[in-house]
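This report concerns only the one structure given below.
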Amino acid sequence: MAGYKVYITRMIPQEGINLLSSVADVTINPDDAPLSRDALLNEMKNGHYDGVLGVLTDRIDGEFFDSCKGLKGYANYAVGYDNIDVPEAVRRGIPVSNTPDVLTDATAECAWALLFATARRVVETDRVMRSGSWTGWGPLQFIGGDVKGKTLGIVGAGRIGTEMALMSKGFKMKVLYTSSSDRRNAVLDAELEAELVSFEELLRESDFVSIHCPLTPGTRHLFDAKAFALMKKTAYIINTGRGPVIKEEDLVEALKNGEIAGAGLDVFENEPAMAPNLAELDNAVVVPHIGSATHSSRNNMALLAARNLMAMLEGEKPETCLNPELFEK
Ligand code: DGY
């Protein structure tokens, strides 16, 4: 295998670049910033690449495919693939892949970091310390929410949602979960005696609601004013999935009006922007889409995306293929 031309749309960990370079002539966007749409399409038109490894900020749709004739495959450096028009890739017979599993633990841990930071007001009180305004210990200061024994609601019990739930064992939490297919999660049932419930019941009963469903037309703005009104006033929402699952302006109102107690957010509706006034709210903890940002997770994402692209260049099914039907003949 040799002689392929590959483009990487954003600098990724070196392990993945080295692996791809062993079989292909690799060109990388030299800036540590997303390519503009025009820059991406022009690069595709002029570069005549056999394969592309891209990131979640690249929109991979019919227009993209039009700009890269002869593309043998596209490897997404992310598990979420709402940036890819998979049916369009199927129509064109172009295989596409993502990077599941290798970031499951890191993302579930990030959800827990946000859960604790939000419940115990870690970021807000860090700011108090740094400002020099703390006057010493007081019985009524900075009281937050309990975690042990509380109810954790998992919206979307896929790989990451399941791992987040399993990590609750030590805190002896009751676990509720939703499933878009109404299918029970055997692991959660066996390990935690978790309950599969409706979305509305999960909202009403949970002390912590953690979002892990993919972004689809059906989950866009799943969390709006109506959903927040169903939640307990003492409940917290955590989102390490995709920002647009929450209607962010409604979340800001719910946080301001005390309809829920707090929010821990890794993802945002219009990244990198946040909804007006969100940044001013002490009961919101906001971090910049770092769910998978651990050394091993990001390295393994690079290696998996590289292996996937190498398979696709050879006309083989990648390990984690989003349109496996292309290989079923
Ligand atoms: C993903 O992989 O979808 C995350 O959002 C980024 O790692």
Side-chain angles (χ1 to χ4, degrees), residues 8-17 29 32-35 52-61 73-86 89 96-115 154-164 167 180 210-220 222-223 237-246 248 263-274 285-309 318-323:
I8 302 181
T9 69
R10 184 89 189 253
M11 193 58 85
I12 60 166
Q14 195 61 41
E15 282 88 335
I17 298 171
N29 165 16
D32 190 19
L35 284 176
V52 175
L53 192 160
V55 296
L56 54 86
T57 45
D58 301 319
R59 202 170 75 245
I60 306 304
D61 55 8
Y74 171 81
N76 208 38
Y77 182 85
V79 63
Y81 55 90
D82 45 284
N83 59 318
I84 306 175
D85 186 342
V86 179
V96 289
S97 65
N98 66 340
T99 57
D101 299 320
V102 291
L103 45 60
T104 297
D105 292 347
T107 309
E109 286 166 5
C110 182
W112 276 99
L114 287 169
L115 187 154
I154 301 284
V155 176
R159 295 177 186 86
I160 298 169
T162 299
E163 193 53 45
M164 161 104 194
M167 288 175 181
S180 59
S210 193
I211 300 176
H212 301 284
C213 56
L215 174 62
T216 65
T219 62
R220 181 176 293 274
L222 183 63
F223 284 83
I237 189 160
I238 310 299
N239 191 5
T240 53
R242 282 290 181 267
V245 173
I246 292 180
E248 221 164 85
L265 306 173
D266 180 43
V267 288
F268 302 87
E269 193 173 350
N270 296 300
E271 294 180 10
M274 287 194 284
V285 173
V286 290
V287 297
H289 205 146
I290 56 168
S292 65
T294 68
H295 294 294
S296 69
S297 186
R298 288 282 166 90
N299 287 345
N300 287 328
M301 287 167 73
L303 288 169
L304 176 55
R307 289 198 304 275
N308 278 336
L309 191 53
E319 278 169 56
T320 51
C321 190
L322 292 170
N323 47 6

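In what follows, residues are counted from 1 in the order of the sequence shown. For clarity, every value in this text was computed on a predicted model and none was experimentally measured. Atoms within a ligand are numbered from 1 in the order they appear, just like the ligands themselves.
Interatomic distance, CD1 of I154 versus CD1 of I238, reported as 10.0 Å (0.5 Å rounding). Rounding to the nearest 0.5 angstrom, the gap separating the CG atom in D61 from the CG atom in D85 is 6.5 Å. For the atom pair CG of N299 and CD1 of I12, the computed distance is 9.5 Å after rounding to the nearest 0.5 Å.
Atom CZ of R220 has 12 or fewer heavy atoms from other residues, nucleotides or ligands within 6.0 Å.
A side-chain hydrogen bond (donor to acceptor under 3.5 Å, both in side chains) with N76 is found for one member of T99, D58, N83 and no other, namely N83.
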Quick one: ligand 1 N/O to protein N/O pairs below 3.5 Å?
residue	atom	partner	partner atom	Å
ligand 1	2 (O)	V79	N	2.7
ligand 1	3 (O)	V79	N	3.4
ligand 1	3 (O)	G80	N	2.9
ligand 1	3 (O)	R242	NH1	3.4
ligand 1	3 (O)	R242	NH2	2.7
ligand 1	5 (O)	R242	NH1	2.7
ligand 1	5 (O)	H289	NE2	2.6
ligand 1	7 (O)	S292	OG	2.6

Could you go through residues 102-109 and list every donor-acceptor pair under 3.5 Å that involves a side-chain atom there, pairing it with any protein atom two or more places apart or in another chain?
residue	atom	partner	partner atom	Å
T104	OG1	D101	O	3.2
T107	OG1	L103	O	2.8

